[in-house]
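Structure first, commentary second.
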Number of protein chains: 2
Amino acid sequence: MHISSLEEYGVRCALQLARQYQMGPSSASKIAQLEGISVEYVSKIMHLFRKAQLISSLRGTQGGFTLLSPPDQIHLKQIFDALAGKRNSGDFCSHFAGHQETCVHFQHCAVKPVWQILSNYFDGVLSQISLHDLIHAEKTGHQHLHQLIQQTAQASPSVPRVGAENQGALV
Amino acid sequence: MHISSLEEYGVRCALQLARQYQMGPSSASKIAQLEGISVEYVSKIMHLFRKAQLISSLRGTQGGFTLLSPPDQIHLKQIFDALAGKRNSGDFCSHFAGHQETCVHFQHCAVKPVWQILSNYFDGVLSQISLHDLIHAEKTGHQHLHQLIQQTAQASPSVPRVGAENQGALV
DNA sequence: TTTTATCAATACAAAAATGTATGGATTCAG
DNA sequence: CTGAATCCATACATTTTTGTATTGATAAAA
């Protein structure tokens, strides 16, 4: 499994914004300093967040970025979606089509359902976890986080509580 | 969630070898033709498989590649491991360290456990599914596949039947 | 033996992801 | 009004991933 750099740093920057929620805007330079990455990179991430309507921005002295919703209403899935390029479309069939237009295994494909199951679990977990959950876990340990995910898994083992947006045909 | 090209095509090539198991070697050109990708790319994948001791090879006319174990004893995890570069080491802390040597969140990191949970589920599922399972699923539908994964999930919801090699510290 | 089919190893090219730089526009403080 | 701090947009450079090409070795068949 692979988490991209944008995803990792994106989540971390979002957490910085969440910690600062309702305490004035956070500047890119402040976030960069706290995360140990460049101001330019933070700016790029904020640009993506703004396009996804996750944050608002304010220029000038005392300017910076502000979450548009409270941290308990922003889930990791939204962060990932904001940062995703065209790759994470979930359309495995056209993405791995080799030299053809459509994949040679378009019908009777045994591989796709596996990716689908993994992808659904992945999305299910990310849809459950809010920025607030992570901040809470930092302070009081990860038990709550594990509980949250365990519930998710029990609700529907191989297709864990999928939001309306990612109900791929599983068969 | 992201499946790399190597992983996708690697699994598909491995399935071609599995279908041909005990029926003589499969040549790169045959596999390439069946999968709709280039011979060179297949060769590259086979090179990685051989280094991982998953296959043997035979040169010359009638040559090709042969699985070293029966398809029900080769799981997707092994395929992925064979194809993995340095990226998939599971060591998120040093991989996403920004400008520092070690990540600024080295202690009290709320993000890592999430990746760890997802990664463990991912590895757990891949460790369960054999090449034979996939071929079987192609013919008789995906019910068996889902059952397999459901069992996995029930056995240990957030850390599903992890092999000894990937028991990361979760708290 | 010669030809053909194949693998082996490595180098090369192209595309994508990652990260940095630059020249502006805006806002606020003095 | 001027200057400093900040965001904005886009271009650029670097690295990694993806995919192709090349040259050589080996095995079998004709």
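Chain letters run A, B, ... following the sequence lines, proteins first and then strands; every chain starts at 1. Computed from a prediction, not measured in an experiment: that's the story for all the values here.
Residue pairs meeting the side chain to side chain donor-acceptor pair (under 3.5 Å) criterion with at least one member in residues 63-72 of chain A: none, sequence neighbours excluded. Within the structure, side chain to side chain donor-acceptor pair (under 3.5 Å) pairs that include any residue of residues 14-24 of chain B comprise Q16(B)-R19(B), Q16(B)-E35(B), R19(B)-E138(B) (at least two apart or interchain). Residue pairs that meet the salt bridge (Lys or Arg N to Asp or Glu O under 4.0 Å) test with at least one member in residues 141-151 of chain A, sequence neighbours left out, do not exist here.
Within residues 34-59 of chain A, the residues that place at least one heavy atom under 4.0 Å from DNA chain C are, in residue-number order, S38(A), E40(A), Y41(A), K44(A), R59(A). Contacts between residues 17-33 of chain B and DNA chain C, defined by a heavy-atom separation under 4.0 Å, are made by S26(B), S27(B), A28(B), S29(B).
The shortest distance between side-chain heavy atoms of L34(B) and V104(A) does not fall below 4.5 Å. Here the side chains of L17(A) and I31(A) are in contact, with some heavy-atom distance below 4.5 Å. Using a 4.5 Å heavy-atom threshold, the side chains of Y121(A) and V125(A) count as touching. Side-chain contact between H75(A) and S130(A) is present, with heavy atoms from C-beta onward closer than 4.5 Å.
Not counting sequence neighbours, the partners of F96(B) by the ring pair (Phe, Tyr, Trp, His ring centres under 6.0 Å) test are Y9(A). For H144(B), the ring pair (Phe, Tyr, Trp, His ring centres under 6.0 Å) test picks out H136(B), with sequence neighbours left out. Remark: E8(A) pairs with R12(A), W115(B) by the side chain to side chain donor-acceptor pair (under 3.5 Å) rule, at least two apart or across chains.
Between the OH atom of Y9(A) and the P atom of dA17(C) there is a distance of 17 Å, rounded to whole Å. Here dT18(D) presents its C1' atom at 11 Å from NE2 of H2(B), a figure rounded to the nearest Å. Rounded to a whole Å, the CZ atom of F65(A) is 13 Å from the C1' atom of dA5(D). The CG atom of L83(A) sits 13 Å away from the P atom of dA17(C) (whole-angstrom rounding).
One finds a side-chain N or O of H99(B) lying less than 4.0 angstrom from the OP1 or OP2 phosphate oxygen of dT20(C).
End-to-end axis angle for the helix from dT1(C)-dA30(D) to dG30(C)-dC1(D), using five pairs per end and rounding to 10°, comes out at 10°.
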Determine all donor-acceptor pairs shorter than 3.5 Å in which one atom belongs to a side chain in residues 37-64 of chain A; sequence neighbours excluded.
residue: S38(A); atom: OG; partner: Y41(A); partner atom: N; Å: 3.1
residue: S43(A); atom: OG; partner: V39(A); partner atom: O; Å: 2.9

